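Here is the structure we will look at, set down as structure tokens.
Scope of the values below: all heavy atoms of this structure, side chains included, with no hydrogens, waters or symmetry mates. Lettering follows sequence order; numbering is per chain, from 1. All values derive from a computational prediction rather than experimental measurement.
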Number of protein chains: 2
Amino acid sequence: MIERHLTRIRARHALSADEEQVVRGLLADTRSVEARRTVIREGERLEASTLLLDGLMCRYKDLRNGQRQVTELHVPGDFADMHSFTLKRLDHNVQTLTDCVIGLVPHERIQRMTETHPRLARLYWFGTNLDAAIHREWEVSLGKRWAAERTAALFCEMHVRLGLVGMADPDGYGFPLTQTELAECLGITPIHLNRTLKELREAGLVEFRSRYVSLLDLPRLRSMADFDENYLYLDPDPL
Amino acid sequence: MIERHLTRIRARHALSADEEQVVRGLLADTRSVEARRTVIREGERLEASTLLLDGLMCRYKDLRNGQRQVTELHVPGDFADMHSFTLKRLDHNVQTLTDCVIGLVPHERIQRMTETHPRLARLYWFGTNLDAAIHREWEVSLGKRWAAERTAALFCEMHVRLGLVGMADPDGYGFPLTQTELAECLGITPIHLNRTLKELREAGLVEFRSRYVSLLDLPRLRSMADFDENYLYLDPDPL
DNA sequence: CGTCAGGTTGACGCGGGTCAAAATGAGTGG
DNA sequence: CCACTCATTTTGACCCGCGTCAACCTGACG
């Protein structure tokens with residue numbers, strides 16, 4: 001089950017046999033969590049980081065008025081909160097969107113890894129910096145793109161990220177979110193997202209139905225989103 | 001001049017005399033850069049990280065249509081791009097907003113530091129995770145807050161961050177941005193920002209004039225922004 | 001066949017974008 | 001000290017994207 005995590009790392013960096021063993025040794029425990037459970041609450045003190053092995057999760061922040069903004073989606077192989085290793089408590093919540101399998105990685109094991117395997121430490125540092133890059137791209141979407149462009153950009157991002165761990169087809173992928181959840185990622189109301197999806201569908205760009213995203217015309221979809229996958233760092237320099 | 005950087009670190013973590021010497025030794029060179037110069041361009045290969053010693057800088061991303069979104073502001077003492085140590089090329093640009101003094105820290109020195117001083121490595125990792133936390137809060141602002149709330153939130157954030165390095169008064173701070181630049185942070189047009197500033201001023205909350213932010217009623221300003229400074233991690237756990 | 005979550009559509013209003021133009025203010029040169 | 005310039009701020013008019021409120025539809029499930 002940790003294979004997807006190794007796949008994710010290897011998509012960007014080589015791993016020696018020794019390093020692979022250390023990575024495998026990080027996992028202290030795995031557990032199943034059903035859909036829509038908040039796994040990590042803002043402010044609580046954490047002693048372990050959560051590795052997503054299967055399913056989809058998200059980071060979100062609540063507002064006083066009951067609304068929430070999702071700040072990142074997680075696909076299998078992602079660490080949901082490697083950053084809690086240094087921060088110890090988070091400024092946001094982490095929730096499952098679907099039924100999930102998660103792995104727990106005690107901070108003390110990460111600590112030991114940073115001391116014995118500085119290159120691995122650097123790879124995981126890279127990983128949190130990649131999260132930040134995704135946050136920045138979402139800032140651009142939320143700040144400057146119209147609803148349709150924004151929606152297109154997210155569909156493009158998820159296609160690449162799911163593809164990296166072998167969970168996407170060339171022209172689509174399973175994506176079991178409700179329209180309400182998707183709208184919370186995009187900073188628009190579910191109603192307006194529904195209209196936007198209709199617009200994208202009728203333009204022959206993308207269709208989102210029964211938990212599956214069908215990419216009807218990927219080149220035009222990427223173009224309308226002004227999608228540039230460089231922010232996902234698919235070809236980093238070798239370390 | 002590196003004092004502000006030490007102050008910034010010490011605001012959150014203790015530093016031993018030995019560690020302080022290592023931090024001081026990171027700086028290979030300092031230079032002056034005039035206002036509105038792009039110091040780091042998206043995609044270029046980097047061999048050193050940039051430490052902001054004096055002045056204001058920002059990270060921004062360009063869009064195809066010529067618009068841009070600022071994704072973070074930097075105050076003196078901040079690393080503008082510690083994340084380039086692991087990413088090697090950035091997904092965004094970095095620019096001076098005012099005349100600045102910057103310090104250059106070769107990646108090889110950071111590399112050596114991670115091997116000899118893992119605790120310092122962890123502090124700098126913390127620093128990049130703090131940047132990500134700021135990105136997340138901006139995502140919330142851009143996605144969910146009205147223009148006035150969003151503007152109030154940014155004024156609150158900058159008050160705290162500038163205050164940490166001794167550059168804010170209890171009821172205001174110097175903030176030499178144009179309204180256009182501020183609007184690029186907030187994801188609204190300069191014209192609408194101008195109307196929003198008028199609204200905040202007439203409500204007796206905050207005034208932004210001649211490069212100075214006057215906090216007329218900080219409690220109400222924080223309240224309207226739903227400002228919760230936890231995301232700035234002012235009291236992290238000791239490492 | 002009833003129930004309920006989630007998806008869809010319509011009507012209407014407001015926040016904020018857009019275009020145009022005037023006012024203000026910091027420099028600069030005469 | 002004044003005239004001129006150019007960036008920046010400010011205001012007005014108009015319109016559209018998206019929020020809001022209210023129904024209605026659909027499909028999964030017991």
Practice task
Check the distance between dG6(C)'s C1' and R209(A)'s CZ and give it to me in whole angstrom.
Solution key: 15 Å
Practice task
Give I191(B) one of three labels, base, sugar-phosphate or nothing, depending on what nucleic acid heavy atoms sit under 4.0 Å from its own.
Solution key: base
Handout entry: Residues which pass salt bridge (charged side-chain N to carboxylate O under 4.0 Å, His left out) with D131(B), listed by chain and number, not counting sequence neighbours
Key = R59(B)
What does the list of N/O pairs under 3.5 Å between the protein and nucleotides 14-16 of chain C look like, with a distance for each?
residue	atom	partner	partner atom	Å
dG16(C)	OP1	A147(B)	N	3.1
dG16(C)	OP2	H192(B)	NE2	3.3
dG16(C)	O5'	H192(B)	NE2	3.4

Show me the protein contacts with nucleotides 22-25 of chain C, counting only N or O atoms at under 3.5 Å.
none

Problem - E34(A): side-chain contact (heavy atoms from CB on, under 4.5 Å) partners, not counting sequence neighbours - result: R37(A), D99(A)
Practice task
Using five pairs at either end of the helix from dT8(C)-dA23(D) to dG30(C)-dC1(D), determine the angle between the two local helix axes and round it to 10 degrees.
Solution key: 40°
Handout entry: With H74(B) via ring pair (Phe, Tyr, Trp, His ring centres under 6.0 Å) - residues at least two apart
Key = none
Handout entry: Pairs satisfying side-chain hydrogen bond (donor to acceptor under 3.5 Å, both in side chains), at least one member in residues 168-177 of chain A, at least two apart
Key = D169(A)-Y212(A)
Exercise for the section: Ignoring backbone atoms, test whether N194(A) places a side-chain nitrogen or oxygen under 4.0 Å from the OP1 or OP2 oxygen of dT8(C). Expected result: yes
Exercise for the section: Please identify each residue that fulfils salt bridge (charged side-chain N to carboxylate O under 4.0 Å, His left out) with R211(A), with sequence neighbours left out. Expected result: none
Exercise for the section: Just jot down the ring pair (Phe, Tyr, Trp, His ring centres under 6.0 Å) partners of F155(B), sequence neighbours excluded, or say none. Expected result: F208(B)
Practice task
Just jot down the salt bridge (charged side-chain N to carboxylate O under 4.0 Å, His left out) partners of E44(B), sequence neighbours excluded, or say none.
Solution key: none
Problem - Range on DNA chain D touched by chain A - first to last nucleotide, heavy-atom distance under 4.0 Å - result: dG17(D) to dA22(D)
Handout entry: Partners passing salt bridge (charged side-chain N to carboxylate O under 4.0 Å, His left out) against K144(B) (at least two apart in sequence or in another chain)
Key = none
Practice task
Indicate, with yes or no, if the rings of F126(B) and H83(A) have centres closer together than 6.0 Å.
Solution key: no
